[in-house]
Amino acid sequence: EPDMQNLKFYMNKINDMMNSLAFRQAEYYMDIIYHVVENNKSVVGEKARIRVLLLFAMIYIYKEQNKQAYVLCNKVRDS
């Protein structure tokens with residue numbers, strides 16, 4: 001389980017993966033972080049949670065998985 005104290009570091013690394021077109025790898029790690037964030041909403045904070053949701057949605061858009069991206073965008077809207 002990733003240490004949420006290092007969330008910004010993890011997000012930067014995943015963003016780097018996306019910039020290098022490593023979408024499958026970015027999705028793998030983002031999925032792990034997403035589940036930890038969703039299970040520990042109070043620990044992470046709303047702003048960080050929204051950043052995670054948006055980055056994950058962007059990964060899905062690049063992978064042409066628009067339904068999953070739509071679901072995540074709705075979660076952001078409902079936040």
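Taken from CZ in F56 to CE in M11, the straight-line distance is 11.0 Å, to the nearest 0.5 Å. The line from CG of N66 to SG of C73 is 10.0 Å long, rounded to the nearest 0.5 Å.
For the side chain to side chain contact (heavy atoms under 4.5 Å, CB included) test, residues two or more places apart in sequence or in another chain that qualify with D3 are Q5, N6, Y10. The side chain to side chain donor-acceptor pair (under 3.5 Å) check on Y34 picks up K75, with sequence neighbours excluded. Judged as a side chain to side chain donor-acceptor pair (under 3.5 Å), and not counting sequence neighbours, R24 has no contacts. Under the side chain to side chain contact (heavy atoms under 4.5 Å, CB included) criterion, M58 pairs with M18, L55, Y62, not counting sequence neighbours. With sequence neighbours excluded, the residues forming a side chain to side chain donor-acceptor pair (under 3.5 Å) with D31 are H35, listed by chain and number.
In the hydrophobic cluster analysis, where Ile, Leu, Val, Met, Phe, Trp and Tyr join through side-chain heavy atoms closer than 4.5 angstrom, L54 is grouped apart from Y70. Both V76 and V36 are members of a single hydrophobic cluster when ILVMFWY side chains are connected at heavy-atom separations under 4.5 Å. In the hydrophobic clustering of ILVMFWY residues, with side-chain heavy atoms under 4.5 Å counting as a link, I14 and I61 come out apart. Residues I50 and V71 fall into different hydrophobic clusters, defined by Ile, Leu, Val, Met, Phe, Trp and Tyr side chains chained together at heavy-atom separations under 4.5 Å.
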_Checking V37 against L53 for the side chain to side chain contact (heavy atoms under 4.5 Å, CB included) test, could you report, in this order, the C-alpha distance in whole Å, the side-chain angles of both residues, the deciding distance, and whether it holds?_
CA-CA 9 Å; V37 167; L53 292 172; over 6 Å; no
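For the pair M17 and M30, the minimum side-chain heavy-atom distance is 4.5 Å or more. By the 4.5 Å heavy-atom criterion applied to side chains, V52 and L7 are counted as neighbours. Looking only at side-chain heavy atoms (C-beta outward), L72 and Y60 come within less than 4.5 Å of each other.
Pairs engaging residues 8-21 under the salt bridge (Lys or Arg N to Asp or Glu O under 4.0 Å) rule: none recorded [sequence neighbours left out]. Sorted by first and then second residue, the salt bridge (Lys or Arg N to Asp or Glu O under 4.0 Å) pairs involving residues 46-66 (not counting sequence neighbours) are E27-K63, E38-R49, E46-R49.
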